[in-house]
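Here is the naming used below: chain letters follow the sequence lines, and residue numbers restart at 1 for every chain.
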Number of protein chains: 4
Amino acid sequence: MKVGILGATGYTGQELLRLLNNHPEAEIVYLGSSSSAGKDIAAVYPHLSGCGYVLEDECIPDLDVLFVALPHGIAAARVEPLLKRGIKVIDLGADFRLRDSLEYEKWYKVKHANPGIISEAVYGLPELYRDQIYGKSLVANPGCYPTASLLALVPLLEEGLLQKQTIVIDAKSGVSGAGRGVNQALHFSEVNENFKAYGVAEHRHTPEIEQQLTFAAKNKVHVSFVPHLVPMTRGILATIYAQVAEGLGTEGQKEKILRECLKEAYQQEQFVHLLPEGVWPQTKYCYGSNHAFLQLKYDERTGRVIIVSAIDNLVKGASGQAVQNMNIIMGLPEGMGLAARGMWP
Amino acid sequence: MKVGILGATGYTGQELLRLLNNHPEAEIVYLGSSSSAGKDIAAVYPHLSGCGYVLEDECIPDLDVLFVALPHGIAAARVEPLLKRGIKVIDLGADFRLRDSLEYEKWYKVKHANPGIISEAVYGLPELYRDQIYGKSLVANPGCYPTASLLALVPLLEEGLLQKQTIVIDAKSGVSGAGRGVNQALHFSEVNENFKAYGVAEHRHTPEIEQQLTFAAKNKVHVSFVPHLVPMTRGILATIYAQVAEGLGTEGQKEKILRECLKEAYQQEQFVHLLPEGVWPQTKYCYGSNHAFLQLKYDERTGRVIIVSAIDNLVKGASGQAVQNMNIIMGLPEGMGLAARGMWP
Amino acid sequence: MKVGILGATGYTGQELLRLLNNHPEAEIVYLGSSSSAGKDIAAVYPHLSGCGYVLEDECIPDLDVLFVALPHGIAAARVEPLLKRGIKVIDLGADFRLRDSLEYEKWYKVKHANPGIISEAVYGLPELYRDQIYGKSLVANPGCYPTASLLALVPLLEEGLLQKQTIVIDAKSGVSGAGRGVNQALHFSEVNENFKAYGVAEHRHTPEIEQQLTFAAKNKVHVSFVPHLVPMTRGILATIYAQVAEGLGTEGQKEKILRECLKEAYQQEQFVHLLPEGVWPQTKYCYGSNHAFLQLKYDERTGRVIIVSAIDNLVKGASGQAVQNMNIIMGLPEGMGLAARGMWP
Amino acid sequence: MKVGILGATGYTGQELLRLLNNHPEAEIVYLGSSSSAGKDIAAVYPHLSGCGYVLEDECIPDLDVLFVALPHGIAAARVEPLLKRGIKVIDLGADFRLRDSLEYEKWYKVKHANPGIISEAVYGLPELYRDQIYGKSLVANPGCYPTASLLALVPLLEEGLLQKQTIVIDAKSGVSGAGRGVNQALHFSEVNENFKAYGVAEHRHTPEIEQQLTFAAKNKVHVSFVPHLVPMTRGILATIYAQVAEGLGTEGQKEKILRECLKEAYQQEQFVHLLPEGVWPQTKYCYGSNHAFLQLKYDERTGRVIIVSAIDNLVKGASGQAVQNMNIIMGLPEGMGLAARGMWP
């Protein structure tokens, strides 16, 4: 199986390289990057000597699967001829995540280059939409915050266990989520030993989360979503609050009902784990791995359920999930090449 | 003015020492600690050579003010004879924060040693309760999370601008808030490059926050409060969500009304700052200083206001506020010895 | 191939578990630990659910290979009956590293439980002593600092390119090297945003380094060795200084001669890399991987060569090298299960 | 006393602002910056509201003292007219540190704009050259690495206790030493949980260190100097190795002789401390303070002394030392405004 990576030198691109190097069926035959074309990948990442040369991003050879790890706006413009050549495309950017191109244009402040193609894409969060992914040629790989949020919320909303307009998602991310581009706000001395919120109530992952929650609830859902920057490199933890639905069993049954719902949703899953009662997720449980961890608690005092969800933003939140999607669309075992547990400590 | 510190070698105790060393009117004449009695303070903190000797915690000399920086449960048992000797006491622990000793016993799981004395104490958050603090002999210095939370919420609740049962406080703290005691969960390799929630919906600062919000709202308030551990040493950031009150002006006026409320509450304050619109607090703005920073945004899409509040947990959240309280009860300028701005970077 | 881990819940033990889980030939049939016997490994490390149960450390079943990841002193007492049962033992502790039990007793301050068995052990640093390792049943897995130091120095000393009494090794380690045991000096708030030296000129890895350098130089070598604690979790970087041998080519040739020596030593190696000129090792190049990186520079102004060596202390400096040794003594391809490059960022 | 800061928004500039705000005699009347001219300083650092406005760097008013916190090359071109106006200048850059302008041009790769003025400058390391600083109008404030290195070495070399060609200085710095400018190598995700050497044997502080050591030894001294980047914000620790002079007492006396030398050198000093035997410096002892800490050990096995020196790179290594120099040249008590001890934790 011949695979290529467009945008191979960004953080998600090189993470794909790391994961695909350990994949028994994938042969990486193309690394593309406009900024590093013509260089050994080791000129950018010295520890990757022998892992390949970077080519122009225009010279895409025949491939089975191409991963596009580029800023939003580019994939939309380039994907159609690739699909026509029979190359399956997994896009790690935002261009095909929102069904509604106007919504995309509103939040991303750019014109969508090819709105007509959006309907060919599938939203690639396998644990929730596996059946829709099989056989597709264009996968919109979910954003990191949406992955953490949706795993926690979709099953509960589908079962009607939450009051859908009471959802607050307070999310915290390591700095690698912001990519490799330099920027005063990501300068080590400004981030280290510091903590802040950003994009308060206006982060671009908001419409993506709301779109999928709306599908689940079968009713328009609005959420409060606030991301924060943690002085660490990898990991996302989302703390989610919602009023439970009225009439959800007796007071003593509510937590059990909520727990059972998530348990059922994920008990057959190899990558998503509801932890034993009282054990709360830590981002390090996921470090470098495709695994996600969940926990919840019903708080009688307020009538709210609190759900915590943790992933590695670069793996389950990006490149690992992309490989998982590749496995699905190529008919391989879904976990192939993704067995690693989180690295500790 | 003669002052002493009981519990001088814990993090809040030695932070008091740092601050009082720069205070023009305070002379530190007593450092007490059961664990380090008989030692030069430099035997515990080598950089504090010449800063004093540690004595038994039982040998308290005549003082104007004693700061008690000990685990909860001890101050309650010891404070009465001190007050009788004419020593004013500022307790950095929890023993006098909750008006209701049964509430204390429920959350702290210990019997209160002297419930009768609670009514003599004042809750020492000067920007909110300054008038009640003047002339008091026993100050309950607020907890770190409550300080960050109440500064954001009390003025808004007093003015009836929020739906009081919709409050969610998602708080994040540096590790120094957990004190100096060793513990597997605070081992460097387990905390670094890691992020987690803890004490989910059962942290002991919950009743303290609710008590003061209830006073403000003149109605019982329950909140969802979830603290998190950030891989950094100092700083607390609280992200607070609440539905705004119904009928709060037109859609376009709501944010302005909320903003004006906080602006008025703090415009005369030297330590609490509502930042300019669009500038969000960062914990490092407060590093080592007694200053607090606030920002808010009304989100039309959800009808919620999001308020962010940042302090240094060891200063405004503990020792700095204690010095501020000392200044008030001793009739000194409130900011004496506390002028420092946050250290950057 | 049946393998077991004694001391499975310490940092090197669980790292062995991580690596062996990805090893195609190793089946982990025994996890032993006195502190966690009877528990699911997930009770200690929640992210390792399904990875096995921990048994008493006395109940060792029949195995092909046993890894001993216990504090020094224990392996010496227990290894003989294991060897007699035909179990090959790879000890990650210090008991078999020093040829001279008196030297061991002097530096480790304990009596060696079985000095007679030391001669059966081989010092397991494959790139330097591969031929001696084949076919052995008892491997003394090198210490982390010695691994980083010896890879840099042994080839140069064997060729006589350095003045052997001028060697200074200034080493820096992440905190995981100190293990999982709690301790005031490893409390997050005391280590974070802090840097210090420790064990100055008296660290126990000193005699291990000197023993192997003495073999290489065929003359007693003494070094100055000072380790430091870096506020990070993983990684060792050693900066090494030595006067080059007198008469080592012309001034312009010296660096080339030194470089050629390391190049030749490692050009066939899959795990040890001399970086291109001007590219200096970073510990993160090795993160989670068994790879080591080297660079050197000859400084005409002082006549010294400066060599920098980087490894992951838990992988090439411990568990990864142990797996590499297992592969060698079991006749497997040496790199089996160890292909991963460093994780970035 | 009217003071101004040129380059007020860089890290050393704003640190000067922090320190001078607490100085009882200094009135800050001018903040200059080309990049931020016309802005409230709070537009750059929101926590500094009310601390002043930034003006063009050309509009320098009449001042008693001007601090120049600009990249090297600028002060040399601008200082002469300022001195003629009677303004005393303390330059935190490199332009006046090296006596020999050719040496400057060789290491800094720029032409010196005014070599004639170098002889008017004094090298402002008060504990070593206090007598030369009194009454001067132009102070070359030392570099951060030289400050840490020279405090450790100069007294020992002046007394002839070291073999002067055997000195190795292995230095480690927090990231703030690299300034506020963004740069891929200082991006949070590339520095965090990483450690590396840089500028190996070619860092620009090398000739500055050697110049002052040469004065002390009265003979040309060359050193090996290698700086490293620590994943923390503030602090420098230098680990220094040297062979002790031949014939320096008996083996048992050597350490005592060395220790006595440093003890005598600094026993009257308020900012430089030789720690008690066995207590080694940590950078956090200096955090935010002008204090320096030293420790040494003689190692019989190698004949070397190992000296460790720690400072805060932005305070004793830059802005604090600049204020100390101001106090000296203005006839104020040397420690005025600099009393703070290191902030812990």
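Here the side chain of Thr166(A) pairs a donor or acceptor atom with the backbone of Gln243(A) at under 3.5 angstrom. Side-chain N or O atoms of Arg304(A) include none that pairs as donor or acceptor with a backbone N or O of Asp299(A) at under 3.5 Å.
In this structure, Tyr45(B) and His47(B) have perpendicular ring planes: the angle between them is above 60°, well past the 30° mark.
Within residues 183-203 of chain A, the residues having any heavy atom closer than 4.5 Å to a heavy atom of chain B are Ser189(A), Glu190(A), Asn192(A), Glu193(A), Asn194(A), Phe195(A), Lys196(A), Ala197(A), Val200(A), Ala201(A), Glu202(A), listed by residue number.
Of the two parts of Arg301(B), the backbone and the side chain both hold a non-hydrogen atom closer than 4.5 Å to a non-hydrogen atom of chain A. For chain A, the nearby parts of Pro231(B) are the backbone and the side chain; heavy atoms of each come within less than 4.5 Å. Only the side chain of Val308(B) comes within contact range of chain A, judged by heavy atoms closer than 4.5 Å. Within the 4.5 angstrom heavy-atom criterion, no atom of Ile236(B) approaches chain A. Interface residue Gln165(B): only backbone heavy atoms are found under 4.5 Å from chain A.
The side-chain hydrogen bond (donor to acceptor under 3.5 Å, both in side chains) check on Ser309(B) picks up nothing, with sequence neighbours excluded.
The list of salt bridge (Lys or Arg N to Asp or Glu O under 4.0 Å) pairs with a residue in residues 212-227 of chain B, not counting sequence neighbours, is empty. For residues 168-177 of chain B, the set of pairs meeting the salt bridge (Lys or Arg N to Asp or Glu O under 4.0 Å) definition, not counting sequence neighbours, comprises Asp170(A)-Lys172(B), Lys172(A)-Asp170(B), Asp170(B)-Lys172(B).
Residues Tyr285(B) and Trp344(B) place their aromatic rings such that the two centres sit under 6.0 Å apart.
In the displayed structure, Glu251(A) atom CD is contacted under 6.0 Å by more than 12 heavy atoms of other residues, nucleotides or ligands.
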